[in-house]
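Because only heavy atoms are used, hydrogens play no part in the values below, and waters and symmetry mates are left out as well, while side chains stay in.
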Protein chains: 2
Amino acid sequence: MQNALRVLEGRWKLVILFQLFGGQVRRFSDLERAIPGISQKMLIQQLRQLESDGVVGRIVHHQVPPKVEYHLTEWGQSLCPALDALLIWAEGAPAELRSRLIQEGPDGDAQKPETSVT
Amino acid sequence: MQNALRVLEGRWKLVILFQLFGGQVRRFSDLERAIPGISQKMLIQQLRQLESDGVVGRIVHHQVPPKVEYHLTEWGQSLCPALDALLIWAEGAPAELRSRLIQEGPDGDAQKPETSVT
DNA sequence: CGGAATCCAAATTGATACTG
DNA sequence: CAGTATCAATTTGGATTCCG
């Protein structure tokens, strides 16, 4: 079980999966454009991992300008309900969050203990 | 939206959340024991992040042997449907995965191109 | 018990440049 | 277009020691 969750680990995995949500087929450059901030390296790396984990499928069209399309595999599709639920959850995010996380990368070993006491 | 997803990023975040699933209240040591492989440092770190992101709540009981309990906040609770869906998804994981991921940590810039061609 | 602090190694990510 | 290659910068993770 932990193993399955590890498939989703990674800075861009979920974001990518959302792009492929519902059976969408997208080209490499489409994804690149659709995901601001991601680098080619990260995009291809995460895609490769998702691919080798069996969540994403890749199809190469040998044309003059190369064309490669990505999509969710069958198992990947079975993730949709979860992605959907996550989407709903994300919408209910506290307004603070929407802006805070942008600047400060996760963590930093910051601390501010006692939150509530009895 | 990307922001909300980042809240769940982290090697142990989801695992911890699953422990708090459904309104469970657990002590620090409970979590430590329930999550094999995690270190105190990681546990406290991830908990603090989840806390500052408003997903997890923390209550300190000033007793002789200290006692601290963690639980999902209201927003955290709203994540349950998603966790549930993930649980279901994870169960349908290909048998291969169940064992593969254990050894090889994610990535490593590994590559094996052409998966399927037209 | 429930951390905090430190040190340090390893993994992940990012920016940039280059290629078939 | 769809990557690959490299290198540097962050992050992450683990082990250990100490504290109220």
Side-chain angles (χ1 to χ4, degrees), chain A residues 2 6-16 25-51 56 58-70 101 103-118, chain B residues 2 6 8-16 25-52 56 58-70 101 103-118:
Chain A
Q2 301 250 104
R6 302 202 61 165
V7 171
L8 305 180
E9 261 177 55
R11 177 76 175 74
W12 308 97
K13 297 278 180 70
L14 286 178
V15 181
I16 291 176
V25 175
R26 323 209 38 174
R27 301 181 55 165
F28 185 84
S29 52
D30 286 338
L31 293 172
E32 199 178 345
R33 250 173 294 102
I35 306 176
I38 195 172
S39 66
Q40 288 193 321
K41 178 188 170 182
M42 278 297 102
L43 179 54
I44 192 65
Q45 182 190 94
Q46 307 270 297
L47 280 171
R48 286 279 146 80
Q49 288 174 25
L50 288 171
E51 189 191 349
V56 163
R58 173 171 178 269
I59 295 183
V60 181
H61 299 277
H62 289 297
Q63 309 178 341
V64 182
K67 179 177 176 182
V68 179
E69 295 182 316
Y70 294 88
L101 293 170
Q103 29 197 19
E104 347 175 32
D107 196 275
D109 276 57
Q111 76 287 57
K112 44 175 178 178
E114 319 307 278
T115 296
S116 59
V117 185
T118 53
Chain B
Q2 300 249 107
R6 300 203 63 164
L8 305 180
E9 260 178 55
R11 179 76 175 74
W12 307 98
K13 298 277 180 70
L14 285 178
V15 182
I16 292 176
V25 176
R26 321 207 42 172
R27 301 181 56 164
F28 184 84
S29 51
D30 286 338
L31 292 172
E32 200 178 345
R33 251 173 292 102
I35 306 176
I38 196 173
S39 65
Q40 287 193 321
K41 178 186 172 183
M42 278 300 102
L43 180 53
I44 193 63
Q45 182 189 93
Q46 307 271 295
L47 280 171
R48 286 279 146 82
Q49 288 174 24
L50 289 171
E51 189 191 350
S52 85
V56 164
R58 174 171 178 267
I59 296 183
V60 181
H61 298 277
H62 289 297
Q63 310 177 340
V64 182
K67 179 176 175 182
V68 179
E69 296 183 314
Y70 294 89
L101 294 171
Q103 29 199 18
E104 349 174 30
D107 194 85
D109 275 60
Q111 77 287 59
K112 43 175 178 179
E114 319 305 277
T115 298
S116 61
V117 185
T118 53

**Message:** From CD of A/Q46 over to C1' of C/dT12, roughly how many Å is that when rounded to an integer?
**Reply:** 9 Å
Atom pairs under 3.5 Å: protein N/O with N/O of nucleotides 14-20 of chain D:
residue : atom : partner : partner atom : Å
D/dG14  : O6   : B/K41   : NZ           : 2.2

**Asked** Rounding to a whole Å, what distance do you find between B/L43:CG and C/dC1:P?
**Response** 14 Å
**Asked** Once you build an axis from the first five pairs and another from the last five of the helix from C/dC1-D/dG20 to C/dG20-D/dC1, how far apart in angle are they, to 10 degrees?
**Response** 50°
**Message:** Please tell me if A/Q63 has a side-chain N or O lying less than 4.0 Å from either OP1 or OP2 of D/dC1.
**Reply:** no
**Presence of A/Y70 side-chain N/O under 4.0 Å of D/dC1 phosphate oxygens OP1/OP2** = no
**Request:** Could I get the full list of side-chain contact (heavy atoms from CB on, under 4.5 Å) partners for B/E69, not counting sequence neighbours?
**Result:** B/V25, B/R27, B/H61, B/K67
**Request:** Would you indicate what B/G10 reaches in the nucleic acid, counting non-hydrogen atoms under 4.0 angstrom: base, sugar-phosphate, or nothing?
**Result:** nothing
**Prompt:** Is the distance from OP1 or OP2 of C/dG3 to the nearest side-chain N or O of B/R58 less than 4.0 Å?
**Reply:** yes
**Prompt:** C/dG2 P sits how many Å from B/I59 CD1, rounded?
**Reply:** 14 Å
**Request:** Within residues 26-34 of chain A, find the residues that approach DNA chain C with a heavy atom at under 4.0 Å, and present them sorted by residue number.
**Result:** none
**Prompt:** Listed by chain and number, what are the salt bridge (charged side-chain N to carboxylate O under 4.0 Å, His left out) partners of B/R33, not counting sequence neighbours?
**Reply:** B/D30
**Item:** side-chain contact (heavy atoms from CB on, under 4.5 Å) partners for B/I44, two or more places apart
**Value:** B/F28, B/R48, B/Y70
**Item:** Heavy-atom side-chain contact between A/I35 and A/I16 under 4.5 Å
**Value:** yes
